[in-house]
Every structure is written in C-alpha cells, then in structure tokens.
Amino acid sequence: QVQLVESGGGLVQAGGSLRLSCAASGRTFSNYNMAWFRQAPGKEREFVAAISWSGGSTYYADSVKGRFTISRDNAKNTMYLQMNSLKPEDTGVYYCAAGRIVRTWRTSYEYDYWGQGTQVTVSS
C-alpha cells in the first residue's frame, strides 16, 4: 500500500502561481512512477503531468506544457507540481497518483494508488 496526501491548493487569480505537493508513505516511493490528474466540475478526470520513478522522464498535457513543472524528491518521498501563469480553466480538484508499471502515462487506470485531492480555484 502507498498512501498519498496532496497539499498546496487554494484560490489564486489568473496569472498567479501555486505549488502542489504530494507526500507519500508506505512502500518505497522511488519504486513508483507518479502523476497528477485533475477533475473540473461536471468533467472527467484528465491527465496533467507525470514523472518517472527516477525523475529522469517527464510528460505533460498540451494544455499545461510550458506553464507547469512536475518534479520529485525521492529522499523526501514527495512529488511537486509548480503551476505558473494559471488560467481559470485550470480550476479543479488535483489528484496525485502512483503506479509501478505505466505505459501511456496519461491513463488513470494505469495508476494503482490515489490521494484524496486538493482544490485549485483560479479566478478571472
């Protein structure tokens, strides 16, 4: 089992920044590939960004490329999402997820463990 706890969400104006954190406990964090997904009201959960177990590979949704940066610190068992130039359409609940074997990186069913989510609201 891996327990994941997100933090860092909040209310921010368009153009602002937030940094999300995902703290992991349980099994060895560095064995897991990690990702961020988000879900807006009335919409399906969507992929935001992913990072390999070593941190050597990263993947982004086109909608956030150039604005968001995913990173991890295996010594601290923590993953981050730095979000800059936020837009109202970035509003939603942000979830972190962990998976041992991922192929597409962008599909939610590839991830075995999920956090409870943190709310991000971007006002215009």
Side-chain angles (χ1 to χ4, degrees):
Q1 282 282 65
V2 175
Q3 292 78 42
L4 302 172
V5 179
E6 303 95 335
S7 62
L11 173 64
V12 64
Q13 288 189 331
S17 297
L18 282 174
R19 189 194 197 201
L20 305 184
S21 298
C22 174
S25 61
R27 296 192 175 183
T28 306
F29 178 69
S30 59
N31 286 346
Y32 289 84
N33 301 297
M34 301 293 295
W36 289 98
F37 286 76
R38 68 186 180 190
Q39 188 166 19
K43 295 188 176 181
E44 293 188 353
R45 191 170 298 189
E46 66 173 357
F47 170 78
V48 175
I51 187 167
S52 62
W53 63 271
S54 67
S57 297
T58 57
Y59 308 85
Y60 295 93
D62 288 343
S63 59
V64 307
K65 202 172 295 184
R67 300 188 297 122
F68 291 10
T69 302
I70 190 171
S71 62
R72 66 189 296 163
D73 185 338
N74 286 344
K76 295 183 177 180
N77 291 347
T78 304
M79 174 181 65
Y80 306 97
L81 185 68
Q82 178 66 43
M83 305 187 294
N84 298 329
S85 302
L86 283 161
K87 304 175 181 181
E89 50 264 44
D90 294 318
T91 294
V93 178
Y94 283 67
Y95 299 90
C96 66
R100 288 291 303 274
I101 300 173
V102 297
R103 293 185 173 85
T104 74
W105 296 90
R106 302 164 186 270
T107 308
S108 60
Y109 67 74
E110 293 185 310
Y111 296 89
D112 306 306
Y113 302 102
W114 292 81
Q116 83 290 347
T118 185
Q119 176 71 45
V120 171
T121 303
V122 184
S123 63
S124 57

Would the distance check show the side chain of [X] and the main-chain N or O of [Y] forming a donor-acceptor pair, the cut-off being under 3.5 Å?
X: Arg106; Y: Tyr60; result: yes
X: Gln1; Y: Gly26; result: no
X: Asn74; Y: Trp53; result: yes
X: Glu6; Y: Thr118; result: no

**Message:** As a test of understanding, state which of Thr69, Leu20, Asp73 forms a side chain to side chain contact (heavy atoms under 4.5 Å, CB included) with Tyr80.
**Reply:**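 Per the side chain to side chain contact (heavy atoms under 4.5 Å, CB included) rule, the option paired with Tyr80 is Asp73, out of Thr69, Leu20, Asp73.
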
Pairwise distance [atom1]([X]) to [atom2]([Y]) - rounded to 0.5 angstrom:
X: Ser71; Y: Met34; atom1: OG; atom2: CE; answer: 11.5 Å
X: Gln3; Y: Asn77; atom1: CD; atom2: CG; answer: 11.5 Å
X: Ser52; Y: Arg72; atom1: OG; atom2: CZ; answer: 7.0 Å
X: Tyr94; Y: Cys22; atom1: OH; atom2: SG; answer: 14.5 Å

How close do [X] and [Y] get, heavy atom to heavy atom, and via which atoms?
X: Pro88; Y: Ser124; value: CG-CB, 3.8 Å
X: Thr58; Y: Ile51; value: CG2-CG1, 3.8 Å
X: Val2; Y: Ala24; value: CG1-CB, 4.4 Å

Would a 4.5 Å heavy-atom cut-off, applied to side chains only, mark [X] and [Y] as touching?
X: Val5; Y: Gln116; result: yes
X: Phe68; Y: Trp36; result: no
X: Met83; Y: Arg67; result: no
X: Leu4; Y: Met79; result: no
X: Ser63; Y: Arg38; result: yes
X: Thr91; Y: Gln119; result: yes

**Prompt:** Does Asn84 have any side chain to side chain contact (heavy atoms under 4.5 Å, CB included) partners at least two apart in sequence or in another chain, and if so, which?
**Reply:**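 For Asn84, the residues satisfying side chain to side chain contact (heavy atoms under 4.5 Å, CB included) (neighbours in sequence not counted) are Ser17, Gln82.
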
**Request:** Among Ile, Leu, Val, Met, Phe, Trp and Tyr joined by side-chain contacts under 4.5 Å, find the other residues sharing a cluster with Tyr95 and list them by chain and number.
**Result:** Phe37, Phe47, Tyr59, Val93, Val102, Trp105, Tyr111, Trp114

**Prompt:** Hey, mind stepping through Asp90 and Lys87 against salt bridge (charged side-chain N to carboxylate O under 4.0 Å, His left out) and telling me if it holds?
**Reply:** CA-CA 5 Å; Asp90 294 318; Lys87 304 175 181 181; over 6 Å; no

